[in-house]
Amino acid sequence: MAFPEPKPRGPELPRKLLKTLDCGQGAVRAVRFNVDGNYCLTCGSDKTLKLWNPLRGTLLRTYSGHGYEVLDAAGSFDNSNLCSGGGDKAVVLWDVASGLVVRKFRGHAGKVNTVQFNEEATLILSGSIDSSIGCWGCHSWRPEPVQTLNEARDGISSVKVSDHEVLAGSVDGRVRRYDLRKGQLFSDYVGSPITCTCFSRDGQCTLVPSLDSTLRLLDKDTGELPGEYTGHQNKQYKLDCCLSERDTHVVSCSEDGKVFFWNLVEVSLPALLLAIELCPSPVRPQPLPYLRRVTLGLELGARRRARMRQEGLADKGVARSGSGRQALEGVGSRIQSDRTSAKQGCWPGPGRGEPAAVSGPSATSSGTRSCLQLWFQLQACPGCVPACGKVRWGLTTLA
Amino acid sequence: MAALDSDSEEDLVSYGTGLEPLEEGERPKKPIPLQDQTVRDEKGRYKRFHGAFSGGFSAGYFNTVGSKEGWTPSTFISSRQNRADKSVLGPEDFMDEEDLSEFGIAPKAIVTTDDFASKTKDRIREKARQLAAATAPIPGATLLDDLITPAKLSVGFELLRKMGWKEGQGVGPRVKRRPRRQKPDPGVKIYGCALPPGSSEGSEEEDDDYLPDNVTFAPKDVTPVDFTPKDNVHGLAYKGLDPHQALFGTSGEHLNLFSGGSEGTSNLLGDIGLNKGRKLGISGQAFGVGALEEEDDDIYATETLSKYDTVLKDEEPGDGLYGWTAPKQYKSQKESEKDLRYIGKILDGFSLASKSLSSKKIYPPPELPKDYRPVHYFRPVVTATSENSHLLQVLSESAGKAAQDPGTHSRHQLNACKRAELLGETPVQSSATSVLEFLSQKDRERIKELKQATDLKAAQLKARSLAQNASSSRLQPSSPDLGHCSWRMALGAGTATTRASNFKPFAKDPEKQKRYEEFLVHVKKGQKDALEHCLDPSMTEWERGREREEFARAAQLYVSSHSTLSSRFTHAKEEDDSDQVEVPRDQENDVNDKQSAVKMKMFGKLTRDTFEWHPDKLLCKRFNVPDPYPDSTLVGLPRVKRDKYSVFNFLTLPETSSSPTTQASSDKVPQHRGPDKSRKPSRWDTSKQEKKEDSISEFLSLARSKVGPPKQESSPIVNKEEEHVLEPLSNKMVNKDVDSPTEGEGSRPSMDLFKAIFASSSDEKSSSSEDEQGDSEDDQEGTEEATFRSSQEIDLGETSSLAHASEPVHPEPTPFPIQKMEIDEREEFGPRLPPVFCPNARQKLEIPQKGKHKKNKEKHKNKKEHRRKKEKKKKHKKHKHKSKQKNKKSEKSSSSESTDSSDSQSDEEGTTDLSPQELLRRLKCLPLRRQ
């Protein structure tokens, strides 16, 4: 190569709308990336769950079997299973390739707001508005959960799982962190109903948005407040938020149809870095008195688990090419090939060289270039603007 | 191989194993008798004939499925430690070596599978494929399979071919064939070669009409009998429309949907496939058809129904040669003809029946009544009075019974009041719907006034109470006895503002309800000592304590549905732990502090609560995390048990009334010792017990309030009447009806009537009354053992046969009327109450008194949890109880046993002149008799 590699620039924020997926499943209740961020799941209010290749915009599979709208979904680490929870109070474990229901767990007394796999996909943790978290064993036929965490006093809005912790945000205004190693429950009082929770990538902090239009960064160990982020609007709805891939930014949806970015650490800088407007007409939904409905969802390119997974791969001795193309495994080959072709065909932007090098999740570990995918979804709730039912996303490099 | 060894026979081929050469002078061995013959495997182990998968011999380890090590295979690798090198096990890993041998279920030897065995297809298989192709959504989809066939031929085919055999021919010497009779000319002209007729045609025609004499033919290939399993859901022999025939067949042809008997023979002779095989190559019409068209005619062919059979019948047989077993041609004949034909075909040794079989008479099922519903709804077992009729309604609705409009009341939907009306009784005095009606006019006005006044003050009161709440709740853990009163008050004040005045938790006890409302009024006014004002001075300290708590709880709980709903959807700013059965040991501390901390952004210690939390063992395993508390069996937060106050405490459910006596007796002591300490967690404080306790205390206070101090010296007759006064409160109609006979024996209706009306509640009554028996005796034996015993013996003497049934309800003159009252209550509610004046009752209880009640007492002593749980189940308990009683009384005469079942009847009515036999008889014919 004649010229040396350009010096890696600072992270850039997404400014360009790349693609809009018209999901055709009514209001989209949640959008979730898979482990490596190459697929996404949309949870529709038409009782279906759809698997997309967002790069191409192709629908890969529709999973139907829910009795009511699907409120959340998650993919397992090996991409072989999906779980979803919905308004039919059921938690469903899906087989990705066949599209069939593997298990259906019925034990919640109310809608299931959120579902998560644990790291090894042996458990599904589901938070419901019946203020309990069910831990369901994926491989057991027992109809009852392994354990029910019912310490919350109100509906569970969000559950996140790390290797030994369960983080649960509840409408009762508390974030509870169950530490399985220590055998302790840490309950942090925030006061306002919590809509989402998020571990930071380094595992030191938790990001806790609440209905007082504030995102709080709480120290995991002490419960102290290193940072607070305001400026967006979040008073009624369950909005998603997350931290960027290297904990540099805090990203959150806002009820006015924007996505806000804050610089995580440098408080001296203007806190609000960017507010991109994704929905042309701001949603003016009818206020819902209680946080029973997911309205806005956002997920940053789910690279978070990619590292973990790569380590797992390295352990298994799966060879990866130096360019960072990720070893493919897990999902059915059809989907895989689809992805690969999509990657090569649709990756936008000039001067990127090999497409796989840009998008391959191993870039996270090598630290050369990677992308930030921003998912954003808007939907309406009953009685407001007709649900646009689309998923928009922007993409940029964070190299 | 003796044959091979010899040189002279080198060129011979020998099969099998030769016999051992006989030695000189040796006598030939005797063959082993059959019973001594054994089968051994290659390792010399005996094989037992077994009927298992592999050859029918024993499999596994000594006929078990396991291995020598048991169920755990020796290659077990912990999935936890060595997850990475866990190899994927196939089914072969679990097989024995026998299974992998040549004749096992998974032979290792390489054999040619059927698919690759031969190019010439198996006839049956081909036919199946044809059929599949015909029935497939796309006809001819299997053509692709035909194109892709392996080229390998089996050795047999190769050999046969080399011997001059051609496919499609039979094996054997060539035969001369006689010319057959001419087939009738088909209606359609065939140019060149016609399409092969469909397989359904089943004709045996030979296409060669002209046969020279000196030409021999290969014999026909013989296809074995078609044993193709029937895998469709069609009727027998129905094979559906053959698409070949329907689509490409000639238009005039008749389509037979049934493969007739002729097909069987044709199958045997293997004709169809043969014909097809011969003609497949040259198909289509020779003239007038384009290269790409199939057939000209078919383009304009019309489907006519006449091509199809409209009736189910066989073809007329031409030759009349039926099978030897059954005649075939009878379907289209009339009966007489059929008979005639039958006569002709009757087998030897059989004769025709002179008269036909009489057809079985079929009785139609009984006609169901119009409004019959095939679902049994268990009626809610709440005593139906007008007071709690709304409750009853709610319960019945929850039980799935839709509220019926009054016009269509059936017998089962009548409540007690309506029944009373039907029976022409005077309505019960307490049928007033509101307790307010019990109050004087003045009181009512006062209450209304107060209510209005307090509504105005509501907001400011609420604020005050909240503050109070905050301060006092911090106090609470240190001094629960002191703190909880004010805490309750504060809570009560907090919620009293939204309380609906129309909800009456103590509706069945007007006195108590009155006190309760008074209490509410006081609370609304903000009086601290509201309870002390309104509580009955005649009550004991313990009762007062109980009631105080009950009121406070009720004040919290009984808010109207509207306010309940609205309160249900508030932000959970306040921890609502009021009605927890088990509350976490560590409470999340005060919310107010935290709120202020959040406001000041002082996150950290102020906003954080840390609890000990026990994850489930399985959860830890799934998370791949060591169990932090390997020794604890606890799951979740460590919990302590506290009072449970639920709505059901205040319902007169017979579940509580028929509840086992054990709780009551075991509860009694702690209650007695510390009446005010029930907030303190104690080992008796289980939820179920608490429930019971509440009801007991309620009943107790109810009884107190009814009897009152002045009546304490009343005579037994007065007692008896009190008993009747009391009973209506919970069990009005039942007891009223049952009571009346005791007063006027002659005028009472027959027992069956009561049974018919109250049949549903009879079970509980009987069981509870049995409890009462035991309890009352226990009780009295504690205090006045001698007197009661003697009286019992008198009773026994009097009504020898009905002795046990009627014992406790014979009110003997007792020196302790209060205790008498307890007995009465027990009659209604089951659990026994503590004898207030007898603190050492428990000890006495433990003295085994009488054989019959030994079991009961043992149960009293037994405080194990599982016992209680078991007894919680009403039905269980009931049966158990009965059976026990029966066992204990096994030495008794059969007559007394028979009365046992009729206890429920005879309990209340004291001495009856019905003999046990009579009772039994009535009981038996009970459902039929209804007057």
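- Nearest heavy-atom pair, A/Glu165 versus B/Phe623, reported as atom, atom and distance to 0.1 Å: O-CE2, 4.4 Å.
- The candidate from B/Met602, B/Lys601, B/His614 with the greatest count of non-hydrogen atom pairs under 4.5 Å with chain A is B/Lys601.
- Contact detail for A/Leu185 and B/Leu637: the closest heavy-atom pair is CD2-CD2, 3.7 Å.
- Scanning both residues, B/Val598 and A/Val190, for their nearest heavy atoms gives CG1-O, 3.3 Å.
- Atom-to-atom distance recorded for A/Glu224:CD and B/Thr607:OG1 is 9.0 Å, nearest 0.5 angstrom.
- Taking every heavy atom of both residues into account, B/Pro615 and A/Gly183 meet most closely at CD-CA, 4.3 Å.
- With a 4.5 angstrom heavy-atom cutoff, A/Ser162 touches chain B only via backbone atoms.
- Sorted by first and then second residue, the pairs that involve residues 121-148 of chain A and meet ring-ring contact (aromatic ring centres under 6.0 Å, His included), not counting sequence neighbours, are A/Phe105-A/Trp136, A/His108-A/Trp136.
- Interface residue A/Asp163: only backbone heavy atoms are found under 4.5 Å from chain B.
- B/Thr610 places none of its side-chain heavy atoms less than 4.5 Å from the side chain of A/Lys182.
- Contacts of A/Asp219 classified as salt bridge (Lys or Arg N to Asp or Glu O under 4.0 Å), with partners at least two apart in sequence or in another chain: none.
- A/Arg177 and B/Arg608 get closest at one heavy-atom pair: NH2-NH1, 4.0 Å.
- Between B/Asn624 and A/Glu119 there is no side-chain heavy-atom pair separated by less than 4.5 Å.
- Within a 6.0 Å sphere centred on NZ of A/Lys220, other residues, nucleotides and ligands contribute more than 12 heavy atoms.
- Proximity to chain B (any heavy atom under 4.5 Å) is shown, for A/Leu180, by both the backbone and the side chain.
- Counting heavy-atom pairs closer than 4.5 Å to chain B, the top residue among A/Asn150, A/Asp221, A/Leu123 is A/Leu123.
- Closest of all the heavy-atom pairs between B/Trp613 and A/Leu149 is CZ2-CD2, 3.2 Å.
- In this structure, chain B has a heavy atom under 4.5 Å from the side chain of A/Val166, while its backbone stays farther away.
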